[in-house]
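Read the structure below first, then the notes.
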Amino acid sequence: MATSTPQATFLDANEIVINMGPQHPSTHGVLRVILKLDGEKVMGTECIIGYLHRGVEKIAENRTYVQFAPYVDRMDYVAAVSNGLGYCEAIEKLLNAEAPPRARYVRTILTELNRISSHLLWLGTHALDLGAITPLFYTFREREEILKIFENYCGARLTTHAFRIGGLQYETYDGFEEQVKAFCDYFPPKVDEYETLLTGNRIWLERTKGVGILKADEAIDMCVTGPVLRASGVKWDLRKAKPYAAYAELDFDIPTGPNGDTFDRYFVRMEEMRQSIRIVRQAVAKIPEGPIMGKVPKIMKPPVGEIYHSIEAPKGELGYYVVSDGSTQPYRVRVRPPCFINLQALDRMCRGHLVADVVAIIGTIDIVLGEVDR
Amino acid sequence: MQIPLPPAIAPYFWPVVYGVILLAVFPLAAGYIVLLERKVMADIQARLGPMRVGPHGLLQPIADAVKLLLKEDIIPELTDKWVFWISPIISVVTALVALFLIPMSDKLPVPDLNIGLLFILSLTSVGILGIILGGWSSNSHYPLLGALRSTAQLVSYEVALGFAIVGGLMVAGTLSMQEMVRNQLAQGVWFVFYQPVAFLIYFIAALAETNRAPFDMPEAESEIVAGYHTEYSGFRFALYFLAEYSNIVIVCSIATTLFLGGWLRPFPNVRALDFLNYFPVIALAGLGAFCLLGAAREARTIEKLGMAGLGGALILMGLACLLPGVLPAVEGLFWFIAKVCLGLYTFIWIRFTLPRYRYDQLMRIGWLWLIPLAIANVIVTGVVMMLWQ
Amino acid sequence: MQTVLPNFFFYLLAAIILFSAFLTITRRSAVHSAIWLVITLLGVAGLYLHLEAEFLAAVQVLVYIGGITVLFLFVIMLVNLDEAAKERQFNRHWALAMICAGVLLLELVFFIAKGEQAFYFAEPAGGTLQPNTQLIAYALYRDYMLPFELASLLLLVAMIGAVVMAKKDLT
């Protein structure tokens, strides 16, 4: 019965366009999202990215393979260790070299610790977006312990450049295994603490259940990977499907979620943190002795060819497609950024929800703009 | 105190003096409530909070006040200047006048209105005008939306608040604030035990009325920047801030007066527990000892002296209560402030533990849950009271 | 002193009310009109206090200012009034309007002239309106229960009608 009155205002027009960002407390970086709203309901979204584009892939064409390795950390700066792992393994494949077992185990330990620290940062900021101010401080407290381990190992906390092509540069320091084991004992009760604060909380459930549903077939269609895919019910993890580093020799589970809503993505990431502790415990117990660096030439001139190698980064499938033309510098390095591809699903997930949910959904995809824009 | 005054102004003299003192003291007290919030927030978040300005950050409110007063007074170009100017004033004046009417002790010259509680509620609803006019006069998209949302939330939860208060009023039998506390003394029971449901609903509605988490969506940074006070800075922002914290103190005070016995000590009629009368002495002395302990641990001399001075002052206050005639005069105020602080601590505790509700969920809780529950409470109370007679 | 002060307050309140009411109808901006309306209503509440009807004064502030004016402001802010102002404000029936106004004026003059001796300054009721809250409660819920219930039913009907008209089609 509500007829369209002649006095239409910007508030009762059928479609309003609202701009979120690039400076916005909740877009996790410089992301600009244009929302088309009908009243409060989101009809469509459009992401404008590129505010953090630094031309990393172009830089790769002008650096040697070894020189390019530190640049890789700066893409997903939250999970720098994973980026480094993917790159080093890709070049090792190109060179037909292999890292020795000890290097592979240490790499696994550090990468899994990095997965935990990435998920901790995600948890803190996601809870902050939804109004729970406190978990941020707790997760950062735990993250401190992990960053201390990184700092002790390679001197850097965030952009670590921990691995080298062919293995590791640094031997593990005295007390590495003790510190990692101590962390494995310290951490699981903290995860339980976060669950007490959030998982059973009625307000949290109301804000996350049924919000941003992504069905399994939609996820596969859009090439979404990582916890977002697993929360939609698809049990696909590269650590099990195409094992790399030391994962084939370790025992762990892949958590999935039934519905693909925000709560399932939260749940999957919490479980992954627990599984990561399990992996780290096994790996620390099983580290073999031996050399840390494999046989790689000093001046790297890989044979002409191309390689695509991907790993399961905390955000999803991180892939490196490297084309070599026989010289010391790669012809092309193309990065498959999981955040960029997962961000495509934002539009599908936001349809029909309210503006307040958009913030929750952006948070639940776990994007890092450094990786989206490179 | 008996001062010979001409009979025309005699009944007005002491309340006016009390009002002036309250007006002078309360902004400072509100600043310390903000410090309390920051310290409790820090404690919940496993950190320390303000520590630099003064020992343990105790001079932080003064630094904040000076900063806000010295800031440039920015008035955006296209705003409606008069309305922009008057909006924070409306909020602050109504909040401070309502504060003036709250009986913090039976010894203080607070005017005893026979419609006291109703008048305070009216003042709070006039304060809503300050919010909506502030948002509108900023002439900007986000503050207007924030103001409208905030106002809709406040108006809705006022209904729930009112019904919860009616439940308490049915047991209290009067609208006068002082009379309510005297009735609790006469019946020997705090009314929270007669009306637990009403108290719970009142508390939740009070959280929503003061725009506190989990109902602070209109002010949430991640949504609408800062809501209706986005465009306000400096002293005007300080006024809105003062109004917000005054409102928190007012709702806690109403809860204390109506449900928690006002200025009465626990079990006011039980003679066996008369030793509780000395609790203020012990509390003050204990706090003083705590401060002295903190002074011993401070690194710098100036902070040592500051904490030691504070500790000494608190212990002296505690000992002064032992002088004849002092304790009966101040114990009412002590218990009232203690209960209000309990309410404040719970407000802060809830804010930093729970996530926030989405706006539609917030409105749904108010209209579909709190109001029917409050009405049911009134009906049940009425029936029970009728059967009891 | 006893009679000067109440009269002074009456005149003061009357002046405030008349002045604000005049400004309410002459402002160009609707929000300014609403603000002056608030002042007018505050003045009326003051008059109720002057007549020692304190419950009415508090309820006037609570309901009229805290509820109704807020809703006025909502409407003003959500409806684009510039467009409304551009529409034709008045229709052309001046003559009919003048006749109606003239008749009303005659009636008013007649009744004022007739009841001239009924005018006096309303003295404070001095006890008849006390205790105000209880007396109003008795009146509403005992003596005039049926009209009260009918009035609330009317309000309920209006509320439901407003909701039905404003609801969006949830297609």
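Crowding of F340(A) atom CZ: a count of heavy atoms from other residues, nucleotides or ligands under 6.0 Å not exceeding 12. For K36(A), the NZ atom is densely surrounded, since the number of other residues' heavy atoms within 6.0 Å is greater than 12. Crowding of K181(A) atom NZ: a count of heavy atoms from other residues, nucleotides or ligands under 6.0 Å exceeding 12.
The interface of residues 360-371 of chain B with chain A, defined by heavy-atom distances below 4.5 Å, comprises D360(B), Q361(B), R364(B). Contacts between residues 187-194 of chain A and chain B, defined by a heavy-atom separation under 4.5 Å, are made by no residue at all.
In this structure, P214(B) and I203(A) approach most closely via the heavy-atom pair CB-CD1, 3.7 Å. When all heavy atoms of T353(B) and T134(A) are compared, the closest pair comes out as N-OG1, 4.3 Å. Contact between A356(A) and R358(B) at its shortest, heavy atoms only, is CB-CG, 3.4 Å. Nearest heavy atom pair, residue I133(A) against residue Q45(B), reads CG2-NE2, 3.5 Å.
Taking CZ of R47(B) as the start and CZ of R141(A) as the end, the distance is 12.5 Å to the nearest 0.5 Å.
With a threshold of 4.5 angstrom between heavy atoms, L354(A) approaches chain B through side-chain atoms but not through N, CA, C or O.
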